[in-house]
Asker: 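Handing you a structure now.
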Amino acid sequence: MPELPEVETLRQYLDSVARGFCVQNVLIKKPRIVRPESDRIFKRQLTGQTIHHIDRRGKFLLMHLNHGSSSNPLVIHLGMTGRLFFRHGSDAVHSIPHLAVALEGKDRVLCYVDVRSFGRWTFDTSPVDRMGPEPLDADVFHPDYLQQICHGRSIKIKDLLMHQERVAGLGNIYVNEILFLSRLHPLRQAQSISKRGLTVLFKTIRKTLSEAIQLGTTSRLDWEGSGHGDGFFYFGRSGQADPNMTERFHVYDREGQPCSKCASPILRMVISQRGTYYCPKCQLL
DNA sequence: CACCATGTTCCTTG
DNA sequence: CCAAGGAACATGGT
């Protein structure tokens with residue numbers, strides 16, 4: 001599911017319903033998710049623990065256990081297709097398709113489903129420790145920081161923004177949108193962007209992410225995503241979660257459709273093996 | 001069958 | 001050391 005706004009929306013929801021949840025038993029149906037730890041050691045670390053509160057860093061969820069400090073939090077990354085939700089009562093958890101991990105409590109089960117199994121659960125915080133600044137934290141992410149990471153670098157601006165050690169939490173969809181709204185061509189070299197351009201980029205990043213979180217927290221979301229299509233992620237292209245949220249993207253996945261600003265057909269190219277959408281008239285190189 | 005998909009990690013090359 | 005580029009991971013949808 002995963003970019004910063006979706007993970008943050010999930011965090012807020014989980015933090016409100018999972019605090020105090022005591023893990024009585026741990027099921028690991030896809031051992032690859034807890035790699036490279038062994039299921040046995042992982043289970044031993046989680047069993048009997050209580051969820052104290054849940055934080056987020058970039059696209060990672062941090063589940064703090066027991067009294068919130070001392071030991072490492074449980075670090076969860078959802079990969080491309082991870083989903084987390086509670087199943088109540090004694091429903092048959094075993095029949096859930098692609099169930100990867102289940103934390104069984106007294107009267108409910110926290111289920112982790114992951115079709116492609118790119119997600120990861122670990123107590124190793126090193127990937128989190130290497131993350132760049134949180135884009136919504138004004139203390140660490142500001143126009144000067146953007147200038148600093150762009151200075152002297154020939155890297156394509158799209159690649160730079162997606163690099164988690166430079167800025168935390170941006171992914172392919174939001175970067176496409178952010179570059180369109182900032183009128184920057186995705187191939188543009190970071191060092192060639194003017195101070196003014198970087199200021200616009202900075203503002204657009206904050207605005208785009210905040211608005212997406214706002215939309216997520218005010219919607220009725222389908223965490224399990226058991227319906228057709230996505231239902232929740234990226235706010236219902238299929239219109240499942242809310243039919244009024246079908247017009248979310250300006251450029252992402254809109255190849256050939258008219259630009260919302262100038263009506264030119266949106267183009268698609270591949271950058272670093274990821275689909276890249278842009279308006280050739282609004283985003284000049 | 002071919003190609004596409006919200007992501008990260010690891011390896012190679014310069 | 002750093003940057004860039006690519007393959008790999010696993011599964012489903014179109």
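First the proteins, then the strands, lettered A, B, ... as listed; each starts at 1.
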Asker: Look at R32(A) and dC9(C) and indicate whether a side-chain polar atom (N or O) is within less than 4.0 Å of OP1 or OP2.
Answerer: no
Asker: Just how far, in rounded Å, is P of dT14(C) from CD of E255(A)?
Answerer: 18 Å
Asker: Using modelled atom types and a 3.5 Å cut-off, is there a donor and acceptor pairing between side-chain atoms of K281(A) and backbone atoms of C259(A)?
Answerer: no
Asker: Which parts of residues 114-122 of chain A get close to DNA chain C, meaning a heavy atom less than 4.0 angstrom away?
Answerer: V115(A), R116(A), F118(A)
Asker: Could you check whether K30(A) gets within reach of a base, just the sugar-phosphate, or nothing at all, counting any heavy atom under 4.0 Å?
Answerer: nothing
Asker: If you pin Q164(A) and T276(A) to their nearest nucleotides in DNA chain B, which one's is more 5'?
Answerer: T276(A)
Asker: Does the pair Y278(A) and V251(A) meet the rule for a side chain to side chain contact (heavy atoms under 4.5 Å, CB included), with working shown?
Answerer: CA-CA 6 Å; Y278(A) 64 104; V251(A) 288; 5.6 Å; no
Asker: Hey, is the main chain of E3(A) close enough, under 3.5 Å, to the side chain of E6(A) for a donor-acceptor pair?
Answerer: yes
Asker: Would you mind reading off the distance between M162(A) atom CE and dG5(C) atom P, rounded to a whole angstrom?
Answerer: 14 Å
Asker: Looking at V175(A), is its backbone amide N or carbonyl O close enough to the side chain of Y252(A) to form a donor-acceptor pair, meaning the two atoms are under 3.5 Å apart?
Answerer: no
Asker: Check this one for me: any side-chain N or O of K156(A) less than 4.0 Å away from OP1 or OP2 of dA4(C)?
Answerer: no
Asker: What are the atom names and distances for every N/O pair under 3.5 Å that joins the protein to nucleotides 11-14 of chain B?
Answerer:
none

Asker: State which of dG7(B), dT9(B), dG5(C) makes the closest approach to the side chain of M80(A).
Answerer: dG7(B)
Asker: Whole angstroms only, please: what is the CD1-P distance between I33(A) and dA10(C)?
Answerer: 10 Å
Asker: What is the separation between atom CE on M269(A) and atom P on dG5(C), rounded to the nearest whole Å?
Answerer: 12 Å
Asker: Figure out the CZ/P separation between R166(A) and dG7(B), and round it to whole Å.
Answerer: 18 Å
Asker: In this structure, are over 12 heavy atoms from other groups packed under 6.0 Å from K261(A) atom NZ?
Answerer: yes
Asker: For Q273(A) and for I155(A), find the nucleotide of DNA chain C with the closest heavy atom, then tell me which residue's nucleotide is more 5'.
Answerer: I155(A)
Asker: Watson-Crick or G-U wobble partner for dA10(C), using a 3.5 Å limit on both distances?
Answerer: none
Asker: Which pair of heavy atoms, one from Q164(A) and one from K59(A), lies closest together, and at what distance?
Answerer: NE2-NZ, 3.5 Å
Asker: Mind checking the C1' distance from dT8(B) to dG13(C)? Whole angstroms is fine.
Answerer: 22 Å
Asker: Where the side chain of S182(A) meets the backbone of L184(A), is there a donor-acceptor pair that is under 3.5 Å apart?
Answerer: no
Asker: Step by step, work out the side chain to side chain contact (heavy atoms under 4.5 Å, CB included) result for F21(A) and R108(A).
Answerer: CA-CA 9 Å; F21(A) 178 75; R108(A) 51 185 180 153; 3.6 Å; yes
Asker: For Y252(A) and dC4(B), is the shortest distance between a side-chain N/O and OP1 or OP2 below 4.0 Å?
Answerer: no
Asker: Considering every strand and a 4.0 Å limit on heavy-atom distances, what is the contact class for R35(A): base, sugar-phosphate, or nothing?
Answerer: nothing
Asker: Using a heavy-atom cut-off of under 4.0 Å over every strand shown, decide if S272(A) touches base, sugar-phosphate, or nothing.
Answerer: nothing
Asker: Would you indicate, yes or no, if dG12(C) has its OP1 or OP2 atom less than 4.0 angstrom from a side-chain nitrogen or oxygen of H98(A)?
Answerer: yes
Asker: Looking only at side-chain N and O atoms, does Y277(A) offer a donor or acceptor that is under 3.5 Å from a partner on Q257(A)?
Answerer: no
Asker: I'd like to know if the side chain of K158(A) pairs up with that of N172(A) as donor and acceptor (distance under 3.5 Å, no hydrogens or angles considered).
Answerer: yes
Asker: Can you tell me which nucleotide in dG5(C), dA4(C), dT9(B) comes closest to the side chain of S154(A)?
Answerer: dA4(C)
Asker: Please report the distance, rounded to the nearest Å, between CD in E165(A) and P in dG7(B).
Answerer: 16 Å
Asker: Whether the side chain of S260(A) engages the backbone of H250(A) through a donor-acceptor N/O pair (distance < 3.5 Å, no angle test) should be reported.
Answerer: no
Asker: Over how many whole Å does the gap from E3(A) atom CD to dA5(B) atom P extend?
Answerer: 13 Å
Asker: Once you round it to whole Å, what is the distance between P of dT14(C) and CG of D253(A)?
Answerer: 12 Å
